[in-house]
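Since the structure comes first, as structure tokens, the remarks are kept for the end.
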Amino acid sequence: MTWPQARRIRQAVQILFVGLFVGLLLVATSRPAAVPLADIFFRFNPLPALGAMLASRAWIPHLGLALLTLGLTLVLGRVWCGWICPLGVLLEWVSFPKARRRGASLSIRWRNVKYLLLALVVVMAALGNLSLLILDPLALFTRAMTTAVLPAVTYGVNALETALYPIQFVQPAIDWVESGLRGPILPVHQPAFRQNILIATLFGAILALNALAHRFWCRYLCPLGALLGLLSRVSLLRPVISSSCNHCVRCVGVCRPGAIETRQQTQAILPSECTVCLDCLAACPETGVVFQASLRPAPAREFDLSRRQALSALALGTAGVLLLRTQQRHPLLIRPPGAQGEATFRSRCLRCAQCMKVCPTTGLQPALVEAGWEGLWTPVLQPRVGYCDYSCNACGQVCPSGAIPRLTLDEKRQALLGQAAVDRDRCLPWASGVPCIVCEEMCPTPQKAIRLEEATVVAADGLSIVVQRPSVLRELCIGCGICENRCPLEGDAAIHVYGIT
Amino acid sequence: MTRLTRRQFMRAAGAAAASAWLVGTGCAPQPSATAKPPAAPPTPTVQPSELAAVRGDDAATTEPPAVLPEPTAQPADLAVARGGDPAAITQAALAALGGINRFVKPGQEVVIKPNICVAYHPPEYAATTNPAVVAALVRLCLGAGAARVRVMDNPFGGTAEAAYAISGIAEAVSAAGGEMEVMSPVKYAEFPIPGGKDITAWKVYRDALETDVLINVPIAKHHSLARLTLGGKNLLGLVATPNQFHRNLGQRIADLASLFRPTLTLVDAVRILTAHGPSGGSLDDVKQTNTVIASPDMVAADAYATTLFGLTGSDISYIQAATDMGLGRMDLSSLKVEEVTL
């Protein structure tokens with residue numbers, strides 16, 4: 001096999017992985033068979049595994065597969081970045097014509113930003129804070145797909161089909177699409193996430209930075225890339241420039257991560273920056289690039305974290321954790337079913353957004369400040385947007401770290417998310433003498449956690465009317481929020497679920 | 001001035017479209033009460049009056065003053081079948097009404113609307129229509145030459161797929177040769193309700209309105225506001241915003257019934273839910289009554305079903321309102337009732 005063929009194989013592998021990644025995101029919500037596979041990428045991802053295990057001070061067996069990625073990196077270098085990472089693939093596909101020239105003029109020193117970010121992730125995780133896992137590449141991709149891209153695509157498809165459906169001869173075609181895709185792929189209820197713009201902007205910015213340099217994110221910012229880069233410095237097999245190099249610098253031209261530098265007319269490959277994409281081997285007219293086994297660590301470079309920088313990261317991380325800890329949380333903070341206390345939850349949650357993708361009502365939303373800034377983009381249940389479905393335990397099934405425990409459906413039905421309370425000043429039968437029992441009707445608990453009491457009141461027209469007034473039976477309420485979700489009052493509901501502390 | 005290249009233009013246009021789209025979905029209709037139906041209704045392709053004609057509704061069953069006997073022997077207005085086998089009593093009830101051929105003609109499309117309101121419990125809990133009853137209807141329709149039989153509901157708790165599965169209806173219907181349809185958001189459109197007293201237009205499911213034959217198969221169960229969920233209440237599964245009905249439930253259901261006018265209503269009372277409806281969850285609230293009630297007159301079928309709970313039609317606001325609108329007869333003594341026991 002020649003190197004150009006090997007390069008083709010790599011491209012095929014990348015397509016396969018990005019396809020698998022997006023495919024799992026699409027089907028995992030409704031195909032029960034796919035759900036156990038849904039978090040497979042995260043299970044191989046060492047950055048959140050390291051963070052969650054540090055922060056929760058526990059070995060998390062489910063994330064143990066990440067050791068395989070570390071092992072692979074110790075043998076072959078950043079194969080993850082060049083072959084597997086779906087965000088990496090996307091960043092390889094987004095190309096800008098002037099990126100190479102601009103990238104060449106950027107100082108190599110900027111590469112230490114990613115090591116600084118990694119150091120911050122580790123320091124903060126050691127102090128029990130996982131806020132910076134929002135920068136994990138898989139989490140970034142999943143979150144952008146879940147909250148921005150897929151809802152927008154769904155909206156577009158729905159709008160198009162709605163416009164076309166009244167046309168008689170198009171109906172069979174739409175019917176065919178609908179019978180195949182509605183439910184499994186296209187959600188019945190339009191997903192809507194309040195922070196989609198913010199999340200999409202961040203994701204778009206990461207793609208747009210490619211205009212400054214190929215794979216800008218991977219070179220300068222990615223904390224996972226930094227972790228794998230550190231390991232690659234001691235990896236067993238490394239591509240190196242051999243003595244048959246004729247200094248044509250073709251390899252420098254094709255290297256997307258910019259891992260080949262020229263000093264005094266000779267080229268050298270930086271193992272920590274190389275993504276093992278094989279492009280240089282394929283481009284080399286001689287056998288100027290070869291894989292060589294080496295047990296010696298790669299030499300120190302100017303973009304390594306200095307002791308001063310490492311100490312700064314320590315100080316900055318500590319200060320950040322302390323500031324983030326001393327914040328008020330919102331009284332309506334409701335965590336997904338089964339979450340074991342706020343501190344435990346936050347030290348486990350990978351901010352990966354998979355629970356939000358899998359939630360059939362999209363009630364699980366990315367938090368902004370509900371849990372303080374520390375909880376940014378962790379999941380919170382917002383009952384007015386979507387309730388916790390009594391027949392669903394999917395979030396716990398896809399949670400890679402166990403922040404949301406893997407409950408059986410019967411266990412989940414007992415799990416307490418919060419407690420509902422009626423706002424008697426706004427509730428139709430209480431405040432306005434209008435008959436309404438929607439909260440009681442919707443309550444999924446077998447004995448109904450909402451009790452109706454008959455009362456004769458004087459209605460707006462001056463006549464007596466019998467209404468049924470709802471009140472919550474605290475010992476039966478599980479806080480699923482369907483009452484708040486379906487309360488027919490305009491605007492805010494007249495029944496609210498409050499978080500439990 | 002620099003000229004815009006095509007590439008630049010496409011990029012800018014793409015970015016603008018994408019951001020507009022994102023803004024759109026960010027404040028897209030949330031599943032809350034604030035969502036209002038659009039102001040400008042899409043023009044319906046078929047008027048409800050035409051629909052009745054297309055469906056072959058005989059005016060006799062829906063407008064009592066103009067009762068015209070069928071050309072042959074006068075068939076029963078309402079059939080009640082009792083027995084331990086849900087499929088057999090369903091067939092017997094239809095036979096007593098003069099056979100399925102009275103309602104389904106070869107080549108017609110049929111929509112069956114059972115009550116699959118939640119994805120919580122198996123059919124023994126009597127929150128969802130008996131799967132054997134639904135499957136028997138599918139078989140009868142296909143036997144009568146129906147081109148296509150679709151079964152659908154829009155659950156208020158849980159996803160449609162989960163509800164179809166746990167209710168046992170999905171499995172039974174596919175075994176019988178019918179199709180389960182996940183009700184699609186793209187198929188709702190606002191239609192005028194010409195005879196409506198409270199609501200004169202509503203966003204409803206187009207396929208259920210425009211189908212040749214609509215068969216309404218509620219399960220009889222308790223409901224705190226309506227008192228009972230029967231055929232009339234079951235029609236709420238065909239509208240876009242059902243919880244907006246509760247403010248004037250009786251009249252609004254009657255208005256909706258005037259729009260849909262199901263060809264046939266069959267009330268499943270094999271098991272009935274006597275408390276904690278409509279979602280149920282306790283077998284203590286379930287009563288085995290081994291009965292089905294079928295009629296082309298939904299009001300009559302509903303009125304008869306109330307007697308299983310010790311009530312009468314006038315106790316249920318939507319039955320009374322539908323009677324007042326002339327949509328059917330709740331006075332059981334005026335009906336020709338055929339009773340069968342297997």
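Proximity to chain B (any heavy atom under 4.5 Å) is shown, for A:Glu441, by both the backbone and the side chain. For A:Glu484, no part lies near chain B; criterion is any non-hydrogen pair under 4.5 Å. Heavy atoms closer than 4.5 Å to chain A are found in the side chain of B:His223, but not in its backbone. In this structure, the portion of A:Pro97 lying under 4.5 Å from any heavy atom of chain B is its side chain and not its backbone. Proximity to chain B is absent for every atom of A:Cys480, based on heavy atoms less than 4.5 angstrom apart. For chain B, the nearby parts of A:Glu161 are the backbone and the side chain; heavy atoms of each come within less than 4.5 Å. Contacts of B:Met183 with chain A are made by backbone atoms alone, with heavy-atom separations under 4.5 Å and no side-chain atom involved. Heavy atoms closer than 4.5 Å to chain B are found nowhere in A:Leu164, neither backbone nor side chain.
Residues forming a ring pair (Phe, Tyr, Trp, His ring centres under 6.0 Å) with A:Phe96 (at least two apart in sequence, or on another chain): none. In this view, B:Phe156 satisfies the ring pair (Phe, Tyr, Trp, His ring centres under 6.0 Å) rule with no residue, not counting sequence neighbours.
B:Glu109 places no side-chain N or O within donor-acceptor distance of the main-chain N or O of B:Arg148, the cut-off being under 3.5 Å. Without hydrogens or angle criteria, A:Gln365 side chain to A:Ala192 main chain gives a donor-acceptor distance under 3.5 Å. A donor-acceptor pair under 3.5 Å links the side-chain atoms of A:Gln397 to the main chain of A:Leu407, judged by distance alone. With hydrogens and angles ignored, the 3.5 Å screen pairs no side-chain donor or acceptor of B:Arg252 with any backbone N or O of B:His246. A side-chain donor-acceptor contact under 3.5 Å links B:Lys113 to the backbone of B:Asn234.
In terms of non-hydrogen atom pairs under 4.5 Å with chain A, the most contact-rich of B:Asn154, B:Asp207, B:Asp284, B:Asn248 is B:Asp207. Your options are A:Gly204, A:Cys392, A:Pro444, A:Ala159, and the one with the most heavy-atom pairs under 4.5 Å with chain B is A:Pro444. No other option in B:Gly281, B:Ser184, B:Ser282, B:Ala275 has as many heavy-atom pairs under 4.5 Å with chain A as B:Ser184. Of the listed residues (A:Leu452, A:Ile437, A:Asp389), the one with the most heavy-atom contacts under 4.5 Å to chain B is A:Ile437. Comparing A:Cys443, A:Pro435, A:Cys436, A:Pro184 by heavy-atom pairs within less than 4.5 Å of chain B, the highest count is held by A:Pro184. When each of B:Gly277, B:Ser224, B:Ser279 is scored by its heavy-atom pairs under 4.5 Å with chain A, the top score falls to B:Ser224.
Remark: the A:Asn196 side chain and the A:Arg143 side chain contain no N/O donor-acceptor pair separated by less than 3.5 Å.
Using a 4.5 Å cut-off between non-hydrogen atoms, the part of residues 114-129 of chain B that approaches chain A consists of B:Ala119, B:Tyr120, B:His121.
Counting only residues at least two apart or in different chains, salt bridge (charged side-chain N to carboxylate O under 4.0 Å, His left out) contacts with residues 234-245 of chain B are absent.
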From CA spacing to verdict: side-chain hydrogen bond (donor to acceptor under 3.5 Å, both in side chains), B:Trp202, B:Gln244 = CA-CA 11 Å; B:Trp202 207 267; B:Gln244 292 298 306; over 6 Å; no
List the steps, then state whether side chain to side chain contact (heavy atoms under 4.5 Å, CB included) holds for A:Asp175 with A:Gln171.
-> CA-CA 6 Å; A:Asp175 225 27; A:Gln171 282 187 5; 5.9 Å; no
Apply side chain to side chain contact (heavy atoms under 4.5 Å, CB included) to A:Ile465 and A:Val457, showing your working.
-> CA-CA 5 Å; A:Ile465 181 173; A:Val457 297; 3.7 Å; yes
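Contact between A:Gln168 and A:Pro172 at its shortest, heavy atoms only, is O-CD, 3.6 Å.
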